[in-house]
Amino acid sequence: VGMIFFRTFLWIGIAFAALTAFAKPREDNPVTLIALPTDTLVAAAGDTVLARIPLTVTAGYHVNANPAAREDYIPLEVKLDSTDVALAFAPRYPNGRTHRLEDTTEDLLVYDGTVVVELPLVIRPDAAAGPHALRGTVEFQACDDRVCFFPEERPLRVVLLVR
């Protein structure tokens with residue numbers, strides 16, 4: 001029994017070492033995308049406004065556009081939570097730029113540099129006057145011309161001032 005336990009423990013240790021040697025933790029991803037601060041939205045109860053979300057992809061990297069070139073690629077997604085103050089609707093994404101990796105024949109649709117995603121918001125008719133912080137996320141998978149990193153999620157905050 002002791003030898004079986006030892007062998008099992010040894011194989012588990014080898015498997016764990018192999019997995020950790022090749023897996024790159026998400027925390028080790030380089031900073032590839034920054035959600036820039038948005039302008040404060042000013043609106044009255046019952047209004048419809050457009051939140052403009054600026055995102056900057058670090059030079060040398062790209063993220064898949066939305067929609068991505070293929071269904072199995074992870075597109076950039078911007079999500080803003082609906083609250084008792086505002087209802088968030090489907091984002092409007094800019095067109096992606098065509099990008100071809102070296103030694104491939106496949107064209108990708110990507111974002112690089114700074115892109116702006118627009119989010120329509122309907123302010124609820126009974127929204128209380130004053131400042132409100134709306135929260136959401138930016139989800140993406142960044143790549144360079146050699147490798148793609150683990151998918152990531154960044155927090156998003158939009159300040160809304162209801163008059």
My understanding is that a hydrophobic cluster links ILVMFWY residues whose side chain heavy atoms are under 4.5 Å apart, including indirect links. Using that, what else belongs to the cluster containing [X]?
X    : value
L109 : none
I74  : none
F89  : L87, V122

Does R52, at its CZ atom, have more than 12 non-hydrogen atoms belonging to other residues, nucleotides or ligands within less than 6.0 Å?
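For R52, atom CZ is not crowded (no more than 12 foreign heavy atoms under 6.0 Å).
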For D126, does the CG atom have more than 12 heavy-atom neighbours from other residues, nucleotides or ligands under 6.0 Å away?
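Result for CG/D126: enclosed.
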Sequence-distant partners of [X], side-chain hydrogen bond (donor to acceptor under 3.5 Å, both in side chains), two or more places apart:
X    : value
D72  : R70
Q141 : none
D112 : R97

Going by the rule side chain to side chain contact (heavy atoms under 4.5 Å, CB included), which residues pair with [X] if we only count those two or more places apart in sequence or in a different chain?
X    : value
T114 : T56
V162 : V85, I123, A127, H132, L160
A133 : R135, R157
L101 : H62, H99, T104, L108, D145

Working note: F140 + L55, criterion side-chain contact (heavy atoms from CB on, under 4.5 Å); need CA distance, chi angles, decisive distance, verdict.
CA-CA 11 Å; F140 63 96; L55 305 168; over 6 Å; no
If I compare all heavy atoms of P120 with all of P91, which pair ends up nearest, and what's the gap?
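Here P120 and P91 meet closest at CD-CA, 4.5 Å.
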Compare every heavy atom of P54 with every heavy atom of T38, then report the nearest pair and how far apart it is.
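For T38 versus P54, the nearest heavy atoms are CG2-CD, 3.9 Å.
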Go through the steps for V117 and L76 under the test side-chain contact (heavy atoms from CB on, under 4.5 Å), then give the verdict.
CA-CA 10 Å; V117 177; L76 173 82; 4.2 Å; yes
Among residues at least two apart in sequence or on other chains, which ones pass salt bridge (charged side-chain N to carboxylate O under 4.0 Å, His left out) with D81?
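Result, salt bridge (charged side-chain N to carboxylate O under 4.0 Å, His left out) vs D81: none returned.
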Partners passing salt bridge (charged side-chain N to carboxylate O under 4.0 Å, His left out) against E77 (at least two apart in sequence or in another chain)
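E77: no salt bridge (charged side-chain N to carboxylate O under 4.0 Å, His left out) contacts found.
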